[in-house]
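Down below is the structure, laid out as structure tokens.
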Amino acid sequence: MTEPFEAATGDGPMAPPDAGREAAVRTAFEGLLHIRRVMDVSGPARWERLQPVRAIALALEAAGIEPSAVDADGKRYATGYRVSAAEGATGVRVEWLGPPGSGAEYAANESLRRCAAVLRPLGWVALEYRGPRRHHYLEVEPAG
């Protein structure tokens with residue numbers, strides 16, 4: 001039995017790189033864009049607004065940006081984006097994380113700007129913030 005498709009949020013295991021995964025991501029993203037065309041909206045459609053973590057993770061994965069990953073014990077073992085619901089806000093938080101010693105914090109600025117460059121043309125507002133200990137992240141919400 002085949003598992004349902006889930007975009008990589010950076011909080012699960014790394015999907016093995018294969019043509020099947022790439023095709024599934026491409027098909028899901030094309031479906032998302034088709035919904036926008038059918039609904040005649042230029043920005044995020046209703047599904048995206050109701051499922052922003054999934055929609056944003058799908059857009060980033062479809063753009064070829066690598067997600068982070070954690071093992072069964074919750075230890076981060078891959079560097080990349082992490083998409084999660086923002087605490088105390090209606091938006092989504094995008095972070096650039098990696099295992100200890102990976103240098104992810106040094107790549108965060110440039111990597112998060114790449115993420116924002118993917119999301120903004122799709123109708124998302126992506127604002128850069130710096131939190132405690134100079135931790136950089138994006139807060140993302142639908143435009144308008």
Please give me the minimum heavy-atom distance between [X] and [Y], naming the atom from each residue.
{"X": "Trp124", "Y": "Ala55", "result": "CZ2-CB, 4.1 Å"}
{"X": "Ala78", "Y": "Pro67", "result": "CB-O, 4.5 Å"}
{"X": "Ala108", "Y": "His136", "result": "CB-CB, 4.4 Å"}
{"X": "Ala59", "Y": "Phe29", "result": "CA-CE1, 3.9 Å"}
{"X": "Ala116", "Y": "Ala126", "result": "CB-CB, 3.9 Å"}
{"X": "Val92", "Y": "Ser84", "result": "CG1-O, 3.3 Å"}

- Query: Is there any ring pair (Phe, Tyr, Trp, His ring centres under 6.0 Å) pair reaching into residues 36-83, and which pairs are they, with sequence neighbours excluded?
  - Reply: none

- Mark yes when over 12 heavy atoms from residues, nucleotides or ligands other than His34 sit less than 6.0 Å from its NE2; otherwise mark no. no

- Message: Within a 6.0 Å radius of atom CG on Asp18, are there more than 12 heavy atoms belonging to other residues, nucleotides or ligands?
- Response: yes

- Query: Does the side chain of Arg82 pick up a donor-acceptor pair with the side chain of Ser68 at under 3.5 Å?
  - Reply: no

- Message: Out of the candidates Glu22, Arg21, Arg26, Glu66, only one should pair with Glu61 under the side-chain contact (heavy atoms from CB on, under 4.5 Å) rule; please name it.
- Response: Arg21

- Message: Please report the interatomic distance CG(Leu119) to CD1(Ile65), rounded to the nearest 0.5 Å.
- Response: 7.5 Å

- Item | Separation of Arg93 CZ from Glu87 CD (nearest 0.5 Å) | 6.0 Å

Give a yes or no on whether the backbone of [Y] and the side-chain of [X] come within a donor-acceptor separation of less than 3.5 Å.
{"X": "Arg36", "Y": "Gly43", "answer": "yes"}
{"X": "Asp71", "Y": "Asp73", "answer": "yes"}
{"X": "Arg54", "Y": "Glu6", "answer": "no"}

- Item | Residue pairs fulfilling salt bridge (charged side-chain N to carboxylate O under 4.0 Å, His left out) with at least one residue in residues 113-127, sequence neighbours excluded | Arg113-Glu128

- Query: Taking it one step at a time, do Ile56 and Leu122 satisfy side-chain contact (heavy atoms from CB on, under 4.5 Å)?
  - Reply: CA-CA 10 Å; Ile56 290 167; Leu122 294 171; over 6 Å; no

Linking I/L/V/M/F/W/Y whenever any side-chain heavy atoms sit under 4.5 Å apart, do [X] and [Y] land together?
{"X": "Leu58", "Y": "Leu112", "value": "yes"}
{"X": "Val70", "Y": "Val53", "value": "no"}
{"X": "Tyr106", "Y": "Leu97", "value": "no"}
{"X": "Leu138", "Y": "Leu127", "value": "no"}

- Would a 4.5 Å heavy-atom cut-off, applied to side chains only, mark Leu60 and Val94 as touching? yes

- Message: Just so I know, are the side chains of Arg134 and Glu105 near enough to count as touching, which here means a heavy-atom distance under 4.5 Å?
- Response: no

- Query: Taking only residues two or more places apart in sequence, or in another chain, which ones meet Tyr137 in a ring-ring contact (aromatic ring centres under 6.0 Å, His included)?
  - Reply: Tyr129

